[in-house]
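So you know, we letter chains A, B, ... as the sequences are listed, proteins then strands, and number each from 1. Predicted, not measured: the structure shown is a model, and the values here were computed from it.
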Amino acid sequence: MSGEHLATRPVAGTPRAYDFPPFTKSYLHNGVEVRTVDLPGRPLVSALVAIRRGATDEEPSRAGVSALAARAISEGTERYDAIALVEASERLGAELHAAAGWDAASTSVEVPAPRLGPAMELLAEMTLRPAFPANEVERLRDQRVNEILQAFADPRSRVEIAFSSTIYTPDSPYGRLLGGDRETVPGLDVPALRARHGAWLDPERMTIVVGGDLSGIDVLGIVEPLFAGIPRVGGADPMPAVVAAPAVDRPIVRIHHRPGAVQTEVRVGHVGLARRIPDFHAVSVMSAILGGLFGSRLNMKLREEKGYTYGAHAGFDLRLHPGPFGARAAVETDVTAPAVVDLLAEIRRMRETDVTDDELRAAKDYLIGVFPLRFETPGPVVSALAGLATGELPDDELARYRPEISAVTVEDVRQAAVEHLHVDRTAVVLLGDADRIAADVEAADIGDLEIVTDDPAGA
Amino acid sequence: MPTPRVEFTYERLPNGLRYILAPDPLAPVVAVNVWYGVGSKNEAPGRTGFAHLFEHVMFQGSGHVSKAEHIALLQAAGGTMNGTTWLDRTNYFETLPSHRLDLALWLEADRMATLLVALNQDNLDNQREVVKNEKRWSYDNQPYGLWSHKLQAHLFPPEHPYHHPTIGSMEDLDAASVEDVATFFRTYYAPNNAVVSIVGDFEPADARASVERYFGPIDPAPPIPALPDMSVPLSLGGEVREVVTDRVPLTRIYLGFRAPAFGDPRLRALEIGAQILAGGKGSRLHRRLVRQERIAQDVAFFVMGFVGGASIAAGWATVRPEVDPAQVEAAYFEELDRLTREPVTADELGRAHALVETESLGALQRVEDRADQLSMYATLFDDPDRINTELQGYLSVTADDVRSVSAEIFHADNRVVITYVPAPPDAQGAPAAPDAADEEPSA
């Protein structure tokens, strides 16, 4: 076999300088913020309107109203019916999108640069003047109810629902379904959607981000006439505080019974962290080592050593208020208990011992090196800039990312693990065949065991 | 709308390796993409799933790379990577900061030259378990999960290389031996059965020198064994129907048709037809079944292109509760039938062209995607310049082309209908499946 010529490993060349693309910030007359980022050679332009008001302040009885309003926003406007709007955007080769998350709502479009003007007109029309026709709202509501049925039949969706409702208290929005459930969705009517949309029409909460090859394009000239007419509402009300207190104060195990399941979906974790924390970069490195990299401790143990799973991961979902920390794997039914034991042991080990210098270097080099790859095209750059606005983060957050990661030490990682991984109040949520896994799981003595056999779909 | 042209060179080493260099200094990143001309169609009877299991073994180390080190080295360089297996091919790819290009080339060359040095029973057994868990996760434990396997089995006869799914069967995975892996490697994993594409920020002279240094000394394999004749008539010769009772909440009707092979201009016309039928909220099926008649929860129609004999055109409609599935099926067929009789309108065609144009612009944005397309066109057609000419092919499709290909394939004698119906509540013990027949990635 040939191969002697490969005995010497290549050495790295000199890295080319990289900076996160600089952006400019300006304001329309009514206070709407506009961020533009010129990316020469990128003819597919991405435009996004971010609104700093997500689903966290919904009345519990109206849960899902933000998501449904975002979905219904493209179902016709004052000037276009739904079909006319979609046809007009398709003629430009553009698709309009709208979505609502926990922290923000957004509308967006991607379009070849020469057609940015007409595409922005459609985006503004949809964002500002939706008609919410009653019959279309009713259809989308029915579709959402059916979607909930489907989510409960899909093991991955269903275990996520069970996990968040376990770790958060009943009065926390984060324990609910973002899109609403079977109790709340049928009550979401046109007035409720209009009210939610009305709350979005607040220039103080709105940021428009446009990125791509903008040479010869006057972005402000395009957006000013479209968005400057939204009246000021007299200063944005502060959003109410979000309840994100942990519901679990000791180790617990909850098995949701799925007879005949060939795998157990495993979720292990607790209430985690908010995005704005002083040790964000140490937490990023720590969670990469635990469950972010392919060579993470969890994946090496559960996949590459034991063959229990196709993949094991862990991470923090960082929001304006503390989102979940979760470790995730789908494991073969018969190895459920040993897999959970291994997973918990790896989380504990993060707290109890220092990571090695090699682990630290690998994680930091990965996060630093992959950063430019993430931002090769306009879409991710625009999303990241919108994320700064909705996450209430400083303008230089992305420019500082690589030096900050570079400065993280072994001690920082250990401290992040000790402070933010809580083995003593971890919930283990399993979706699998209880008849085959419960005895082993109980014998493993992980925590108080509860078996849920009658899971009302969509409740 | 002018689309940027991809400039490249297409060269061949004396050992048969073809390589493509497409420099683009825009971002400080580079993509390497290797396509091997081997896929699940090359698997022997009783050895289904082998090409994909083998792909996993390719990440388990080689002559100068220890187990798990391949991915660790790339991630530590700030790179991303994966491999996927599909019916016609297997590919491996890395994207990394441009000053680490040689690392990717060296890793690919090392496993092409010396994989068998690192192959052992433990690695094979471990990855066999990983793949079995991938199969459970992607198909067996998913609502509707096995629809694409059923479609392939009905659309191609048992002896045809497209009859079985890429993921294979549990029994065949269990049967795979170290010797099978070694034989497969010696037969298919060689420079004369591979294309390497490099796209991004690099100096062509340097990259050419690296390709020659790392791949040049690797011995070629004997000529790659020819496949059996894969041609099939563009008609099944009768309708096939199957009803599957599964742990699903809503009835879903899957449809499949034999379609022209990838590379046949008729397939492009069919893809334009698919856009008009089901591509987004302005499409015919969405408008009628979801919006106007409100009998379907969602609809889809798309093409999976294969080079050997025939492709698959497939679609589905999810039936809303309390609606008779027969009504949904009839309305779906009426829309297919209408495509065979009436030309699509100029506005429909214009919108489909505009969307295809944007999509093609999007598909050329990232170095990773450009490298994959170049490797694909070189491997399947020996013509990487198709990356620059395909779009024009789509834009040239006429209303009559759409009508003509529709008439050829949308008839009852060329149709598979698989209906998933919810199991009664007391029979929830049956194993239950993602919505797209996807490639099988390994990491």
B/Phe215 vs B/Pro191 side-chain heavy atoms within contact, under 4.5 Å: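 B/Phe215 vs B/Pro191: side chains apart.
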Exercise. Can you find a heavy atom in the side chain of B/Asn141 that is under 4.5 Å from one in the side chain of A/Arg258?
Worked result: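 Contact flag for B/Asn141/A/Arg258 side chains = yes.
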Side chains of [X] and [Y]: donor-acceptor distance under 3.5 Å anywhere?
X: B/His52; Y: B/Glu134; value: yes
X: B/Arg366; Y: A/Thr377; value: no
X: A/Asn146; Y: B/Gln297; value: yes

Heavy-atom distance under 4.5 Å to chain A: side chain of [X], backbone, both or neither?
X: B/Val131; result: neither
X: B/Leu73; result: side chain
X: B/Lys132; result: neither
X: B/Val290; result: both
X: B/Glu359; result: neither
X: B/Thr318; result: side chain

Kindly write out the residues that satisfy side chain to side chain donor-acceptor pair (under 3.5 Å) with B/Gln365, not counting sequence neighbours, or none if the list is empty.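 If we apply the side chain to side chain donor-acceptor pair (under 3.5 Å) test to B/Gln365, skipping adjacent residues, there are no hits.
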Taking only residues two or more places apart in sequence, or in another chain, which ones meet A/Ser215 in a side chain to side chain donor-acceptor pair (under 3.5 Å)?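 Once residues adjacent in sequence are excluded, the partners of A/Ser215 under the side chain to side chain donor-acceptor pair (under 3.5 Å) criterion are A/Asp213.
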Tell me, side chain or backbone of [X] under 4.5 Å from chain B's heavy atoms, or both, or neither?
X: A/Thr8; answer: backbone
X: A/Glu305; answer: backbone
X: A/Glu147; answer: both
X: A/Arg9; answer: both
X: A/Asp433; answer: neither
X: A/Val145; answer: neither
X: A/Tyr308; answer: backbone
X: A/Leu293; answer: both
X: A/Val86; answer: side chain
X: A/Lys364; answer: neither
X: A/Ala94; answer: backbone

- Taking the six-membered ring of B/Trp106, is the NZ or CZ of B/Arg213 close enough (under 6.0 Å from the centre) and on axis enough (within 45°)?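 Not satisfied by the 6.0 Å and 45° rule.
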Most contacts with chain B, counted as non-hydrogen pairs under 4.5 angstrom, among [options]:
options: A/Ala7, A/Pro15, A/Ala362; answer: A/Pro15
options: A/Asp154, A/Val111, A/Leu92; answer: A/Asp154
options: A/Glu265, A/Gln150, A/Arg139; answer: A/Arg139
options: A/Met300, A/Lys306, A/Glu332; answer: A/Glu332

Q) Mind checking whether B/Tyr420 and B/Tyr144 have parallel, tilted or perpendicular rings, split at 30° and 60°? A)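 The rings of B/Tyr420 and B/Tyr144 stand perpendicular, inter-plane angle above 60°.
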Please work out which of the three classes, parallel, tilted or perpendicular, describes the rings of B/Phe59 and B/His70, given edges at 30° and 60°.
->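 Aromatic pair B/His70/B/Phe59 classed perpendicular.
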Just so I understand: if I count every heavy-atom pair under 4.5 Å between each of [options] and chain A, which residue has the most?
options: B/Asp102, B/Asp24, B/Leu26; answer: B/Leu26
options: B/Gln60, B/Lys135, B/Arg136; answer: B/Arg136
options: B/His64, B/Glu129, B/Lys281; answer: B/His64
options: B/Arg287, B/Arg291, B/Arg128, B/Arg100; answer: B/Arg291
options: B/Pro321, B/Ala109, B/Gly78, B/Pro97; answer: B/Gly78

Charged N-O contact under 4.0 Å between [X] and [Y]:
X: A/Arg141; Y: A/Glu138; value: no
X: B/Asp122; Y: B/Lys67; value: no
X: B/Glu368; Y: A/Arg374; value: no

- Could you give the distance from CG (A/Leu302) to OG (A/Ser296), rounded to the nearest 0.5 Å?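 The distance works out to 9.5 Å.
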For this session: Would you check, one step at a time, whether the test ring pair (Phe, Tyr, Trp, His ring centres under 6.0 Å) holds for A/Phe371 with A/Tyr401?
Result: CA-CA 9 Å; A/Phe371 190 78; A/Tyr401 179 84; 4.9 Å; yes
